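In what follows, a structure is listed as structure tokens, so that the remarks can point back to it.
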Amino acid sequence: MPELPEVETVRRGLADHVVGRTVARVEVGRERTVRRTSRQAVIDGLTGVTILAADRRGKYLLCPLDSGDTLMVHLRMTGQLLLAPAGAVRPPHTHVVLTLTPNASGRHELWFVDPRTFGEVVVFDPDHVAVELPELAHLGPDPLADGLDVGVLGRLLGGRRTRLKALLLDQHVIAGIGNIYADEILHAARLHPDRPAGSLRRRDVVALHDAMHRILFNAVGAGGSTLGDNQYVDLMGSGGSYQDDHQVYGKAGARCTTCGRGVVRRGVTGGRSTHWCSWCQRVWAPRHWKAASTTEV
DNA sequence: AAACAAACCTGTGCGC
DNA sequence: TGCGCACAGGTTTGTT
């Protein structure tokens, strides 16, 4: 569910409403949510601490604490962070509750809700990130948080035979892009998802760079994408509106609104649904690249 | 190196 | 109405 724009929207909510506040009490329900360490480690690591900031790298939320540790939250597929009035009825699958000390705006709790329990809450020592959270240490650049110029992008793509779709989803290469935005970005850049990354010409890299920044920037501005199941909501429980701007994701069979000529196709690559326009994304590989195609469904 | 498949879980929507 | 199956925004691990 949550990709870079959604996580960034949650981060902004934390920056506005949670940063500077102190955790009075910690409750951990399902231990699976804190499986990286333990229930006791999270309770001990958060009780009494003040949250100093709200940062983000890719899809990882990172909150430095006055204890010297950092709180990491990853929402994975179905995780939500919600700010609620203290004592409010908690939804099913509320696995972690941080009761904040009261401030001028009242008494609040921060809830981590996650039906599928893929998400995680970790308190770790940033000096030992390579040991305690190795995947965070191996994350690629974040297009918005770290900047990612055309030259760097070209070098990340160069020489690789991997398909563009798979490469955009690889968090070690570029951090933050998920299945929805990978499809929207490739469509905006008019690039076929199966095209080998290393086959891009300079102008293609420029198009991909432009599309990546434009799509992600606009999606953050719209508060992210909330699909029909209302799974993604921000800290205050509101949905985003970028789903109204999707051109291909979830539009299989529809006439392409970009070119008016093609039809949106849906296929599966690496177990992930992939959407592209049959016309404006038709050019995908020079003859010397051996074709390996996405199976159409 | 690259491409799968399976695994981790639960909820929802669809066809019959 | 009910049942069973396919599928879902992510990531890791193991196998070709």
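Predicted model only: the values in this text are computed from it and were never measured. We name chains A, B, ... by the order of the sequence lines, and we start the count at 1 in each one.
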Of the candidate nucleotides [options], which contains the atom at the shortest distance from the side chain of [X]?
{"X": "A/R163", "options": "B/dA3, C/dG10, B/dA2", "result": "B/dA3"}
{"X": "A/R266", "options": "B/dA3, C/dA8, C/dT11", "result": "C/dA8"}
{"X": "A/T162", "options": "C/dT11, C/dA8, B/dA2", "result": "B/dA2"}

Any side-chain N or O of [X] below 4.0 angstrom from OP1/OP2 of [N]?
{"X": "A/H93", "N": "B/dC9", "value": "no"}
{"X": "A/T78", "N": "C/dG10", "value": "no"}
{"X": "A/Q231", "N": "C/dA8", "value": "no"}

**Request:** Enumerate the residues from residues 109-124 of chain A whose closest heavy atom to DNA chain C is under 4.0 Å, giving them by residue number; use none for an empty result.
**Result:** A/R116, A/F118
To the nearest Å, how far apart are [X] [atom1] and [N] [atom2]?
{"X": "A/L156", "N": "B/dA1", "atom1": "CG", "atom2": "P", "result": "15 Å"}
{"X": "A/H74", "N": "B/dC9", "atom1": "NE2", "atom2": "C1'", "result": "16 Å"}
{"X": "A/D183", "N": "C/dA8", "atom1": "CG", "atom2": "P", "result": "11 Å"}
{"X": "A/H95", "N": "B/dC8", "atom1": "NE2", "atom2": "C1'", "result": "13 Å"}
{"X": "A/Y60", "N": "C/dG10", "atom1": "OH", "atom2": "P", "result": "12 Å"}
{"X": "A/L168", "N": "B/dA2", "atom1": "CG", "atom2": "C1'", "result": "16 Å"}
{"X": "A/M77", "N": "C/dT11", "atom1": "CE", "atom2": "P", "result": "10 Å"}
{"X": "A/H172", "N": "B/dA2", "atom1": "NE2", "atom2": "C1'", "result": "14 Å"}

Does a salt bridge link [X] with [Y], judged by any charged N lying under 4.0 Å from a carboxylate O?
{"X": "A/R30", "Y": "A/D114", "answer": "no"}
{"X": "A/K165", "Y": "A/D183", "answer": "yes"}
{"X": "A/R90", "Y": "A/E27", "answer": "yes"}
{"X": "A/R11", "Y": "A/D55", "answer": "no"}

Do [X] and [Y] have side-chain heavy atoms sitting under 4.5 Å apart?
{"X": "A/V49", "Y": "A/T22", "value": "no"}
{"X": "A/E8", "Y": "A/L144", "value": "no"}
{"X": "A/S225", "Y": "A/E3", "value": "no"}

Under 3.5 Å donor-acceptor pairs involving side-chain atoms of residues 34-45 of chain A, not counting sequence neighbours:
residue, atom, partner, partner atom, Å
A/R35, NH1, A/R32, O, 2.6
A/R35, NH1, A/G119, O, 3.2
A/R35, NH2, A/F118, O, 2.8
A/R36, NE, A/E120, OE1, 3.0
A/R36, NH1, A/E135, OE1, 3.2
A/R36, NH1, A/E135, OE2, 3.3
A/R36, NH2, A/E120, OE1, 3.4
A/R36, NH2, A/E120, OE2, 2.8
A/R36, NH2, A/E135, OE2, 2.6
A/S38, OG, A/A41, N, 3.0
A/R39, NE, A/V28, O, 3.2
A/R39, NH1, A/E31, OE1, 3.2
A/R39, NH2, A/G29, O, 2.5
A/Q40, NE2, A/D44, OD1, 3.1

**Request:** Would you check if the distance from the ring center of A/W276 to the ring center of A/H192 is below 6.0 Å?
**Result:** yes
**Request:** Remember a base hit wins even if backbone is also touched, and classify A/Y181 as base, sugar-phosphate or nothing at under 4.0 Å, heavy atoms.
**Result:** nothing
**Item:** Co-membership, hydrophobic cluster, residues A/V19 and A/L52, 4.5 Å side-chain
**Value:** no
**Fill in**
Symbol by symbol from the 5' end, with Watson-Crick or G-U pairs under 3.5 Å, [ ] crossing and | another strand, DNA chain C is .|||||||.|||||||
**Request:** Take A/Y242 and A/H246, measure what ring pair (Phe, Tyr, Trp, His ring centres under 6.0 Å) needs, and give me the verdict at the end.
**Result:** CA-CA 7 Å; A/Y242 195 73; A/H246 291 179; 5.7 Å; yes
**Asked** Who passes side-chain hydrogen bond (donor to acceptor under 3.5 Å, both in side chains) against A/D69, sequence neighbours left out?
**Response** none
**Asked** Which residues satisfy the side-chain hydrogen bond (donor to acceptor under 3.5 Å, both in side chains) test with A/D146, sequence neighbours excluded?
**Response** A/R57
**C1' gap between B/dA5 and C/dC7, integer Å** = 16 Å
**Message:** Work out how far the P atom of C/dA8 is from that of B/dC4, and round it to whole angstrom.
**Reply:** 16 Å
**Complete:** Sorted by position of nearest nucleotide on DNA chain C, 5' first, the leading residue of A/E135 and A/G271 is A/G271
**Asked** Near DNA chain B, which residues from residues 29-38 of chain A have a heavy atom under 4.0 Å away?
**Response** A/R30, A/R32
